[in-house]
Amino acid sequence: FLLNRSSDLNEMYKYLLIAKVIIKDRKNLNFLDFIMEQLNLFEKDFGNYIGSLELKGESKNRLINIFRTTCRKKIINFNYSIFLQDLIDRYKDIAFSEIEIARRIKPIESIVNIHGDFKNPIFGIDSLNSEEQFQNFTKTSRILNNDTIENFELPKPEKLGTINFFGHSLSKADYSYFQSLFDYYDIYSSNIKLNFMYSEYDKNDLTRAKRETHNNVVKLMKNYGEKLENKDKGKNLLHKLLIENRIKLINIDNSNYSFN
């Protein structure tokens, strides 16, 4: 990146000097401890911000609509919202046939906010290829330390038919999760389907979300395939999923699709 030497460079030096002074004044605090302390402060501020947001009525209805099937579901939530969990808690003692919302969410067996909720959000780096000195900053380490998973259990492979992905960038920051899931469910040899769902958010470019989802799915499959022991299988993973009709890109705005 470029720095304007008359302003940006001086600004950068100013913040480095501030950090140095803070650490110097606290002799028992090393640099990594200082970074973790600042990360915790940022997480707290971020959590307060997320907690102040309110999901709009239209977004609520769209989210609830995709859960309209009666098949059982388990959800791994990568953001920090608790909207669905609140609904489950609110309607758990109501006969599901009496209220439409209760009927929609009844099949949801459990939800886990893998990175905590807005009350205790977790930020971190992916554990894949991370250096030893930064292990405490990996999401894996921080989840273990904060005990965010609690009693959640993945469905047994023989009980799972489809994995739906929605609202996730599929970035390398969470690659360890995808690798673990794909290994556990043996996506190359099993019959499990993968649905990557998207919603067109850019009204000025109604194909943007699909392009981004397509590119991210291709990268994800390529990266995962490269880690398979059988390199030939890795190279044709996406092709195999396609010809077996086990991978789809789905626009939830233009279909009656729901999570199966």
Side-chain angles (χ1 to χ4, degrees), residues 1 31-51 53 63 74-85 111-150 152 154 163-185 187 192 194-199 201-202 208-228 234 237-238 241 247 249-250 252:
F1 56 91
F31 182 70
L32 290 180
D33 290 337
F34 169 75
I35 295 299
M36 180 63 76
E37 184 180 84
Q38 296 303 304
L39 177 59
N40 292 154
L41 292 174
F42 177 76
E43 289 170 336
K44 182 178 180 180
D45 288 341
F46 178 80
N48 290 335
Y49 167 72
I50 294 298
L53 300 178
L63 182 59
K74 290 192 175 186
I75 298 174
I76 301 177
N77 187 355
F78 281 82
N79 64 42
Y80 307 95
S81 64
I82 57 174
F83 168 67
L84 284 175
Q85 188 61 59
I111 301 175
V112 59
N113 284 68
I114 195 73
H115 297 148
D117 57 30
F118 71 90
K119 299 174 185 176
N120 184 30
I122 291 175
F123 287 3
I125 60 177
D126 191 67
S127 58
L128 187 70
N129 299 325
S130 61
E131 297 181 22
E132 184 176 355
Q133 62 178 326
F134 299 120
Q135 281 300 304
N136 287 341
F137 292 90
T138 65
K139 293 177 181 178
T140 303
S141 174
R142 303 206 65 220
I143 289 172
L144 176 63
N145 185 61
N146 287 271
D147 193 22
T148 62
I149 295 182
E150 297 181 350
F152 183 84
L154 288 172
I163 303 177
N164 294 289
F165 301 82
F166 180 60
H168 197 293
S169 66
L170 310 178
S171 68
K172 288 185 177 180
D174 289 323
Y175 178 76
S176 292
Y177 296 108
F178 302 129
Q179 182 177 11
S180 298
L181 283 172
F182 293 166
D183 285 349
Y184 181 63
Y185 291 113
I187 63 168
I192 288 176
L194 306 177
N195 290 331
F196 294 89
M197 307 166 70
Y198 64 92
S199 176
Y201 61 88
D202 188 345
R208 180 179 178 181
K210 182 177 183 178
R211 292 198 310 271
E212 292 175 344
T213 303
H214 170 265
N215 291 337
N216 292 335
V217 169
V218 171
K219 289 178 182 178
L220 176 63
M221 292 297 110
K222 180 177 182 295
N223 288 335
Y224 177 68
E226 290 174 349
K227 299 299 187 296
L228 294 179
L237 172 62
L238 181 56
L241 292 170
I247 187 167
L249 305 182
I250 298 173
I252 66 169

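Starting from 1, each residue takes its place in the sequence as its number.
- Ile114 is not listed as a side-chain neighbour of Phe152, based on a closest heavy-atom distance of 4.5 Å or more.
- Residues passing the side-chain hydrogen bond (donor to acceptor under 3.5 Å, both in side chains) test with His214: none are found, sequence neighbours excluded.
- With sequence neighbours left out, Ser81 forms a side-chain hydrogen bond (donor to acceptor under 3.5 Å, both in side chains) with Asn79.
- Closest approach of Phe137 to Leu39, counting heavy atoms only: CD2-CD2, 4.2 Å.
- Other residues, nucleotides and ligands contribute only 12 or fewer heavy atoms inside 6.0 Å of the NZ atom of Lys210.
- Residues forming a ring pair (Phe, Tyr, Trp, His ring centres under 6.0 Å) with Tyr177 (at least two apart in sequence, or on another chain): Phe78, His115.
- Minimum heavy-atom separation, Met221 to Leu241: SD-CD1, 3.8 Å.
- To the nearest 0.5 Å, atoms CZ (Phe165) and CG (Asn216) are separated by 12.5 Å.
- With sequence neighbours excluded, the residues forming a salt bridge (charged side-chain N to carboxylate O under 4.0 Å, His left out) with Lys222 are Glu226, listed by chain and number.
- Residues meeting the side-chain hydrogen bond (donor to acceptor under 3.5 Å, both in side chains) test with Asp147, sequence neighbours left out: none.
- Side-chain atoms of Glu43 come within 3.5 Å of backbone atoms of Phe123 as a donor-acceptor pair (strictly under, hydrogens ignored).
- Between Tyr49 and Asp45 there is no side-chain heavy-atom pair separated by less than 4.5 Å.
- At least one donor-acceptor pair under 3.5 Å links the side chain of Ser180 to the backbone N or O of Ser176.
- Atom CD1 of Ile76 is separated from atom NE2 of His168 by 10.0 Å, given to the nearest 0.5 angstrom.
- Residues that satisfy the side-chain contact (heavy atoms from CB on, under 4.5 Å) test with Thr213, not counting sequence neighbours, are Phe196, Tyr198, Val217, Leu249.
- You'll find the side chain of Phe134 reaches within 4.5 Å of the side chain of Ile125, heavy atoms only.
- Rounding to the nearest 0.5 angstrom, the gap separating the CG atom in Leu220 from the CG atom in Leu170 is 5.5 Å.
- Residues forming a salt bridge (charged side-chain N to carboxylate O under 4.0 Å, His left out) with Arg211 (at least two apart in sequence, or on another chain): Asp205.
- To the nearest 0.5 angstrom, Leu194 atom CG is 5.5 Å from Ile247 atom CD1.
- A distance of 10.0 Å separates CG in Asn113 from CD1 in Ile122, rounded to the nearest 0.5 Å.
- Residues Ile75 and Val112 have side chains not in contact (no heavy-atom distance under 4.5 Å, counting atoms from C-beta outward).
- Residues Arg142 and Asn136 form no side-chain contact, since every pair of their non-hydrogen atoms from C-beta on lies 4.5 Å or further apart.
- The shortest heavy-atom contact between Ile252 and Phe166 is CD1-CZ, 3.4 Å.
- Within the structure, the salt bridge (charged side-chain N to carboxylate O under 4.0 Å, His left out) test picks out no pair touching residues 122-136 (sequence neighbours left out).
- Using cut-offs of 30° and 60° on the angle between ring planes, the pair Phe46 and Phe42 is parallel.
- For the residue pair Glu212 and Tyr201, a side-chain donor N or O sits within less than 3.5 Å of a side-chain acceptor on the partner.
- With sequence neighbours left out, the side-chain contact (heavy atoms from CB on, under 4.5 Å) criterion links Leu144 to no other residue.
- Side chain of Thr138 to backbone of Gln135: a donor-acceptor contact under 3.5 angstrom is found.
- Residues Asp33 and Met36 fail the side-chain proximity criterion, which asks for heavy atoms closer than 4.5 Å.
- Contact check on Lys227 versus Asp183 returns no salt bridge, with no Lys/Arg side-chain nitrogen under 4.0 Å from an Asp/Glu carboxylate oxygen.
- In this structure, Tyr80 has no side-chain hydrogen bond (donor to acceptor under 3.5 Å, both in side chains) partners at least two apart in sequence or on a different chain.
- Proximity of Asn223 to Phe178: side-chain heavy atoms (C-beta onward) are nowhere separated by under 4.5 Å.
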Test log, rule side-chain contact (heavy atoms from CB on, under 4.5 Å), inputs Ile163 and Ile192
CA-CA 7 Å; Ile163 303 177; Ile192 288 176; 4.0 Å; yes
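- For Ser169, the side-chain contact (heavy atoms from CB on, under 4.5 Å) partners are Ser171, not counting sequence neighbours.
- Side-chain contact between Leu53 and Ile50 is present, with heavy atoms from C-beta onward closer than 4.5 Å.
- Residues satisfying the side-chain contact (heavy atoms from CB on, under 4.5 Å) criterion with Leu41, sequence neighbours excluded, are Gln38.
- To the nearest 0.5 Å, atom CD1 of residue Ile187 and atom CG of residue Leu181 are 9.5 Å apart.
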